[in-house]
Amino acid sequence: MSDTENEKPKLGMRQPLGLKRTVETGKVKQSFSHGRSNTVVVEVKRRRVLGPQGAPQEEQTPAPEPVAAAPAPQAPPPPPAPRPPVSNETAQERQARLLREADEQRMNALEEARRRQERERVEAAEAEARRIEERARAEVEAANAPKVEAEAAAPAPEPAPAAEPAAPAPTPTPAPAPAPQPVGIQLDPSRPAPRRFTPVQRPEIPRPQPKLEPAPQERPAAAAAAPAASAGSAAPRTAPSGGGLAPRRPAEPARPQQRDRKADDRRQSGKLTVNRALGDNDGARARSLAALKRAREKEHRRSYGGSREPQAKQVRDVVVPEAITVQELANRMAEKGSDLVKALFKMGMPVTITQTIDQDTAELLVTEFGHNILRVSESDIDIAHDTSEDPEDQLQPRPPVVTIMGHVDHGKTSLLDALRGTDVVKGEAGGITQHIGAYQVTLKDKSKVTFLDTPGHEAFSEMRARGANVTDIVVLVVAANDGLMPQTIEAINHTKAAGVPMIVAINKVDLDSANPQRVRERLLEHEVMVEEMGGEVQDVEVSALKKTGLDQLIEKIQLQAELLELRANPNREAEGTVIEAKLDKGRGPVATILVNRGTLKVGDVFVVGAESGKIRALVDDKGRQIKEAGPAMPVEILGLSGVPMAGDPLQVVENEARAREVAEYRAGVIQQKRTTNAPASLESMFSALKEKQAMEYPLVVKADTQGTVEAIVAAINKISTDDIKARVLHAGVGGITESDVTLAGASGAPIIGFNVRPNAKAREIADRQKVAFKYYDVIYELTDEIRAGMAGQLGPEAFETVVGRAEIKEVFSAGKHGKAAGLLVTEGAIRKALKARITREDVIIYQGEIASLRRFKDDVPEVRAGLECGVTFTQNFTDIKAGDYLETFEVEMRERTL
C-alpha cells in the first residue's frame, strides 16, 4: 500500500518536464537453412506530433492552477476556442472525426429547424383556432344585442366566481366588423420543395473505456464527478484546486480510436460530388434518404412495436407432380432448400438441391414441414373430352352433316357437284377424289346441309371411316351399271359401325346398261333392305349427269334430319374435328375443321391433337373469310403451330400458355410411344431376326394433305413381303425441302412426291447427292411403281428344273489324276454342259458342271433314260464312289412380282 501511495501524485506537485523516447530498439533473431542464424537490431521510431505553440505535445503537460478567491460577477467572457484533443490519431482518422462531427452538427441543426417549424405550425394552428372562436363569439353577441338592450334597466345579478377572468363585453354595434382573414403561407415555386423527413442522429460505435479502480476514500468523489465528466467529455479536463479532494491520476496517453468504416471512406473522401458542391457543410457527406428512412422505421418499431412476436407458420397446399426437383419443391413450400436437403440426409438420402425426387419422397417432406400435399400426375395436364350434355333451353337446330360414300368412279363427286352447282371433278387428277372435301349447300328453302365427300379408292379406308364417324347421315352411292364393289361393301360396314342412318342413291340410271333392281337385290346380301324390298333404308334413283332425282334425294335427306332432331348449343366454347390438314406454301399449316358444337371465332386459342395455335382467319368452302363458324359448319383455320393429324379433336382453351402446355404433353406422349421398346420375348426376338433378314426398301413420302399421307403410307406397308419390306423413313405434309433431300441422300432412298414439288435449293442438293425424285398425282400409279421398284431391287428369281437323274455304277481312272464315272440313266436325260450335283446318302458332296459325256468312246450331247454312259466333271473332282447319285438340272431366271 505504501508503494502505491508513494506513486500517486500529490496535490500541488508538478510533473517534471521531459521528452519521451522516440526510438525504441530491439533485437530480432533470423533463422536460415542449414542451421544458420543472425541477430538483427531493429529500431522503432515514433512520430512526434507538434502542438499549437510548435512544441511537441508530449512535452505539453497540463499543470494544476492555484486555488484563488472567486472574482466579482462580470460579463461572461467569450467561449475559448476548443483545444485539439491530445491523441496519436493519423490524418485520415482526424479527417474522419472532423467529418463525423460536422455531420452531427448538421443533423442537430436540421433537427432544431424541424422542431422550430413544428412549433410555428402548432402556434399558427392555435392562433387560427382562437380567431375562429372569436368570430363565432362575435356573431353570437351580435345576435343577442337586442336582448342586452332590453335587460339594461334590470339589476344585474351577482357574477359567479370563475376560474379565469371573463372577457369584457364588447360595445354593441349595429354591424360587427369582419374578422381578419388568416394569412396564407405559400411556398416559393421557384425553389425546390423542402424534404419531409425526420433526421436521426447517426448511431455511434461503442468504444470500451479504461476502467479505473479508485481507492476506498475516493469512491464517493468519483461517483459525484461522474455526471460532470460525462457532460463535458469534449473539453479538456483539469484538476480543481482546493476543496480537499484527492488528486486525480495523471492522464494516460489517449489510445488511437477505432476507425469508423462507414465514415472513413477513403475512396470517396477526395471526390467532388453533387452533394458536396451544392451543400453548405464544407464537404461533409450527407446521409441518403434510404438510410434516414431505415433509421426512422427502426426507431418507430422500437418505440411503438416493441419486440416483434414470432409469426405463426403458414400452412400451404403444395402441388406435387410425379417427379420434382428439391429446389422447386422448396419454392412451392416457401422453405429453405438447405432445410429440405438436411431433412433428406436425415432420411438417408444424400441428394443435392438440383436432383429430382419422386412423389412419395416429396410427400414425406411436405408432411414433415407441416404443409398439405396435392398430388397431380402428368395426365392431369391433358384436357379431357367434354361429354356433358348441354341444357335443353340452350340447344338450337343445326344443319345435318351428310357424308357421300361409295366405290371409286361411281359418281360421288359428280353427284355432289350437281347438288352444289359447281364442277369439282375437272380439277381432280385422274378424275378421282383423293382428298376428303367439306362443303355447305344452301337449299331453295334457305335451309343448309353440310356435305362431306370421301375418296372411293381402297387406299383411303381411314378417310371413309373418319367421315362415317363425324356424320349424321350417310348417302351410299352405287352405280346402277356396276353394282356393289369392294369399297361399296366397306362403306356399308363403316356405316354400320358408326351407327348412323343410310340413304342409298343409285346413280347412272340414264345409261342403257343400268339395272337398279339388281343393285337392290345385291344389297340384301349385306343386310341392307331398302323400302321397296320391305325394309327401312330409303333409296332413290338419280343421275348426276342428267341431274334427275336430285330433289327427291334432298327431300329424303331433310326428312331423315327431322327424324334425328339435330340440335346443338352455339353459345359455348367451340369443339370440332379435323377433317383434313395440309401445309400451304403461302399460308402455312391449314386444317379443315367441322365444328361439332359451340361457335368458333377469330382470335380463339385452341388445342388440336399435339398442336396448338390462335385462329388468325376462318375461310369457308367458297373461299370467303368469315368472323365465326357455328355448329355443323366446315371451315379452314389458319394459325396452327404445325400440321395436325386428320381426325384429331379441336378444343378451345382459356389462354395460350395452357394451350402450349397441353400440346407439349401430348407431343411427349406420342414421342414416348414411338421410342418405347416392347418387352423382349422369344417370339419378338425371332421375329426381329426374321425382319433383319428381309431386304429393306427405304422411302421418303411427301404429300399435299395429311389424309393423303396416311393413305400412301398404309398402301406402301401393304406391299411389303417376307423378302423385301418397305420402310418409310419420313412422311410429311408440304413441299420437298432440303432436310428431306439430306435424309434421303444419307439412306439412298427415293423421294415420293404426291402433288408436291421440291424447291430450288432442294433440287440443287439432290443433283449433288444423286437423289431420285418420283412425282405422282394418282395413288394407284404410285403403288404400282413402288411395287415394281421393290421387285427390281430384289432382282430376278431363279427357278431350278431337274433334267435327269443317274446312278453311278463304277469309277474309272481318266488320265493321270482324273476319274470318270460309269452311269446308268434312271430318269430324264443327261446332257453335256448342264449343271450337276452328286449326292451321297442324300447329302450333296459336289455341285458343278459335266465336262465330258461319252458313250462307247464317242462324245455324245445327250444320253436318255435306260442307257449307260461315262462322264467327267469340272474342277477335277475325283471323290466319286459307286452307289452315288448324279442329278442334272438347269436354272431359269424370272422377273419377280410382288
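Owing to the predicted nature of the structure, the values given are computational and were not obtained by experimental measurement.
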Within 6.0 Å of [atom1] in [X], more than 12 heavy atoms from elsewhere:
X    : atom1 : answer
E525 : CD    : yes
K496 : NZ    : yes
E363 : CD    : yes
E536 : CD    : no
K622 : NZ    : yes

Heavy atoms, side chains only, cut-off 4.5 Å: are [X] and [Y] in contact?
X    : Y    : result
F754 : V709 : no
L564 : P501 : yes
E392 : R567 : yes
P516 : R520 : yes
I503 : V402 : no
N569 : R597 : no
V366 : L329 : yes
I736 : V700 : no

Any idea which heavy atoms bring [X] and [Y] closest together, and the distance?
X    : Y    : value
A491 : L476 : CB-CD1, 3.8 Å
N481 : K508 : OD1-CD, 4.0 Å
T450 : A632 : OG1-O, 2.6 Å
A505 : V475 : CB-CG1, 3.9 Å
Q558 : S447 : NE2-OG, 3.1 Å
G483 : V478 : O-CG1, 3.5 Å

Any sub-3.5 Å donor-acceptor pair from [X]'s side-chain atoms to [Y]'s backbone N or O?
X    : Y    : result
E611 : G642 : yes
T577 : G647 : no
Q359 : V320 : yes
N507 : A544 : yes
T471 : V474 : no
K412 : H407 : yes
D740 : T737 : yes
K702 : G732 : no
R660 : S612 : no
R332 : V319 : yes

Euclidean distance, [Y] [atom2] relative to [X] [atom1], rounded to 0.5 Å:
X    : Y    : atom1 : atom2 : answer
I579 : T403 : CD1   : OG1   : 8.0 Å
I626 : K601 : CD1   : NZ    : 13.0 Å
D784 : I719 : CG    : CD1   : 8.0 Å
L452 : L416 : CG    : CG    : 9.5 Å
L523 : D539 : CG    : CG    : 8.5 Å
I324 : D358 : CD1   : CG    : 11.5 Å

When you compare the side chains of N755 and D777, does any donor N or O come within less than 3.5 Å of an acceptor on the partner? no
Can you find a side-chain donor-acceptor pair between D621 and Q440 that sits under 3.5 Å? no
By the definition side chain to side chain donor-acceptor pair (under 3.5 Å), identify the one residue from Q552, E555, Q560 that meets it with Q538. Q560
Is there a salt bridge (Lys or Arg N to Asp or Glu O under 4.0 Å) between R375 and D360? Walk through the geometry before answering. CA-CA 10 Å; R375 284 175 171 261; D360 297 334; 2.7 Å; yes
Does a side-chain N-to-carboxylate-O contact under 4.0 Å join R757 and D704? no
Taking NZ, NE, NH1 and NH2 as the nitrogens, is one of them in D648 or R666 under 4.0 Å from a carboxylate oxygen of the other? no
Could you walk me through whether V504 and M502 pass side-chain contact (heavy atoms from CB on, under 4.5 Å), step by step? CA-CA 7 Å; V504 179; M502 180 192 306; 4.2 Å; yes
